[in-house]
Each structure stands twice: as structure tokens, then as C-alpha cells.
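Here the structure is laid out as C-alpha cells; the discussion comes afterwards.
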Amino acid sequence: MKTIAGLLREHPFFRDLNAADIELIGGCGANTVYPVGEHLARENAPADHFFLIRSGRVAVETYLPERGPLCLQTLHDGDIFGWSWLFPPYLWTFDARALDEVHAIRLDGKCLREKCERDPRLGFQLMKRFARIMTERLQAARIQLLDIYGQRPPLLDDAP
Amino acid sequence: MIPRCLRIEERREETPDTFTLKFSREPGPAADFAPGQFNMLYAFGAGEVAISVSGSAAADSLVHTIRSHGLVTRALKRLRAGDYLGVRGPFGRGWPLQKARGKTLLVIAGGLGLAPLRPVVYSLLEGKLRPASMQLFYGARRPQEMLYRSELDGWSRSFDLVTTVDHAAGDWSGRVGVITEPLKSAPLQSDQTVAFVCGPEIMMRFCIQVLLGRGLAPADIYLSMERNMKCAVGLCGHCQWGPNFVCKDGPVFCYADIQHWFGIRAL
């Protein structure tokens, strides 16, 4: 059976991180399984963890009054979810719900924060990785806002 | 240059503003087309519009999928089975299918951009296109705006198909998110991969950024451009784009050949 450190080593988020750091981070992790429909996170609930998705799909959602949950994005094998544990007030901003059976490594945010405070080099390594993910998600959100498939003025055709 | 008068055999609604017309091909060399080429469709009394062929190159019929958003396409939308329209073509340069032979082929389509790429899919299914493997990435605004939904399931049994939508309600069980995300994690060996990209220009720009970031060479990326094509034979100049005429030199271009022009704003 693989250890948490072994599983972390296989995950793209921790690619090229040195073995000692992975062992240290592994001490904050647990292997978890979420059945279909179960929430990994709930908006405004304490954000004590973040998740490395090993397999399965997770919907990042928000609840709209009179409309129900709205899916903003789906996450898949190899993705990570959650950075609310990094910054006060440590509360989830969105819901995260398992669309399939989700196998994930759940990392304890408080445990990680303490280790990063004690070891700023490790903290910087982790921050760089989170910054990259955040940048990619921001870019994706901007592209979504552009509505790139939306109706545009005619080009090939005569104007109405 | 004289339109042939063809009878519509079948008309099908794809989405509320997009429809597909199928009409018989006349026998002869002028009826053959390469995937990626287009025809000029003439709605009598309204005008002509350039529309890519979206059916199989091996079929006896010509198929075009059209979005209604202007005078001519609205006139085409009013046509029904049994009506006639004028057809000139095929025109332009299509997808370089031979470049994909023995390689991983990434077919990346956004919105209506799946229509000019569907003949590529048919070529694969008919055994004429022989890549080592093929992955089709198809992004749309909403599930209801996806083209050819009845065919997608069948396609996914023949090759890797990744569909994603920007927005979805609760009954959609697929991916939600921009098309660039699954591209970032697609399994590929950059020097053994060719990409065919078609969709809104801004979508193609972002996809090309990701492909270049994954190590693909500009010479291995092909895209279909859209400009105001009128004569379709490179005479009128309406579709001039830098030194190129999109109707004659394209609509499919190798990115290595046009990257300079692709980067110039408002060109």
C-alpha cells in the first residue's frame, strides 16, 4: 500500500519537489474517498483543508436563490481544489461536490501553515505552486467572461 | 464561377440559431471537396455567403451547417427541403490530413468551429485519415449550443473526445470550464503531434498559447481563418489578410506561415 508521501509524489502539483519536503507535507495528509453527491467543501464553512484529486470529478458551485446550485467549473484527475485555508478568515468561498466517486488526498491546512511558517523555503515552494494554479484559474475565469463562443457581428455575411 | 442550382434534400435544426442543409452533389470533379474547404451558398434575391462543408467527403450529398446572423444566412434559414439554392465551389485550401499520418492529431473546435472539422472526423471514421491517435476537444458556450450532439457519443467510442462548456445547468454531466484547461493536461508528445484548430479567433489565440506552451512547433499547428469572403477566388480583395487572401490561400493556414499576421491587432 502506498504511503501519503508516495501518493503526493505521483501528483502533478508536487512534481519535482524534493523527497524531504514531500515527507514533511505527507504528515499533514490523509487519503479520502467521497461518494457521489457528497460535499468536499461548503460555502462559508471553515476551510481547514485542500484537496488533490487523484480520480473522479468535482463540481465547484455556488447556490443561487430560486435557481439552485450553479456549476462554475469542474475539476478532474490531477487538479487541486482549495486555497481558502491559506488566508484569513479561512472560510470556503464556494461549494465543492463530488460528481463521481472522488479519490483525493486531503491536506490539513493548519498543519501545513505551521510547517510553512517554520520553514519559509518550503513555504515559498508551496506558494509558487499555488500562485501558478491561481493564475491559471484567473486566466480561465477571464476567458469564460469573454464569452468567446458568443454571437458576434457578421463577417462572412451581410449586416442585418 | 457560375452557381449550380441544387435542391435541398434535408434540413435540420442544430440549435435555435444554427441549422444544417443537405443537398445532392452533382457528379463530376467540381463536386469533390477536401475537408476544410468551403462553398459559396447563394440564397436567391439575398446574396452569397461562404460556408464550410461539414459533411463527409465520401458521401453523395453536400452538407453545410450555418449560423443565422445576417441577411443571407437568415434567407438560407427560411429555406426548406425541396427549395433550391445556388452553390459555387468548393474553394480554398483544406486541412492537411497527410501531416497527421502516424502522429497524434489534436482536433480543437470551438462553437460553430466543429462544422469545418467534422469532415476530418469522418475521414478518420472512414479510414482515410491514419493518425497514431486522435483527440477531439470541443468547447461550446452551453450544452444546448453544441453541434451534432447525437453523433458525439458514437465518436467517443472511436477516439478520445473531450467536451466542455462555459456554462451549464444541473442536467449537464460533462465538463464545465474553458477549452484551454483540458488541453493543458492532454497526453501528447510534442514532436509527434499535429493540431487542427477552428473556432472564434480569440479562442484559437488562447488554444495556440497552450499548444506552444506544451512544446508544439508553430509548423505543426493549423487553423481555419474567417474573413469577409466574397468572390472566393482571390480577385475581389475583400478577404485580404496581410499578403494572403483567406479564400484562396486559406481558409486553413499553417500557424508558422501566418503567426506574424495573426498577432497584428485589428488586421
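Each chain gets a letter, A, B and so on, in the order its sequence line appears, and its residues count up from 1.
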Contact origin within B:S185 toward chain A - heavy atom pairs under 4.5 Å: neither
With rounding to the nearest 0.5 Å, note down the distance linking CD1 in A:I148 to CD1 in B:I179. 7.5 Å
Heavy-atom count check: over 12 atoms from other residues, nucleotides or ligands less than 6.0 Å from B:E13 CD? yes
B:A168, B:G177, B:S173, B:P182: which one forms the most heavy-atom pairs within less than 4.5 Å of chain A? B:S173
Is it true that atom NZ of B:K184 has more than 12 heavy atoms of other residues, nucleotides or ligands lying nearer than 6.0 Å? yes
Any idea which of B:T164, B:V178, B:V165, B:L112 has the most non-hydrogen atom pairs under 4.5 angstrom with chain A? B:V178
Please look at A:E61 and chain B and tell me whether the side chain, the backbone, both or neither of the residue comes under 4.5 angstrom of a heavy atom of that chain. neither
Can you find a pair of side-chain heavy atoms, one from A:Y149 and one from B:M203, that are under 4.5 Å apart? yes
Could you report the tightest heavy-atom contact between B:E181 and A:E136, atom names first, then the distance? OE2-O, 4.2 Å
Within a strict 4.5 Å, meaning less than it, do heavy atoms of the B:V176 and A:L72 side chains meet? no
Report which part of A:L99 has an atom under 4.5 Å of a heavy atom belonging to chain B: side chain, backbone, both, or neither. neither
For chain A, find which of B:A140, B:G110, B:G111, B:G113 contributes the most heavy-atom pairs closer than 4.5 angstrom. B:A140
Measuring only between side-chain heavy atoms, which start at C-beta, is A:R57 closer than 4.5 Å to B:R175? no
Taking CZ in B:F44 as the centre, count heavy atoms belonging to other residues, nucleotides or ligands within less than 6.0 Å. Is the count above 12? yes
Just how far is it from atom CG of A:D147 to atom CG of B:D166, taken to the nearest 0.5 Å? 7.0 Å
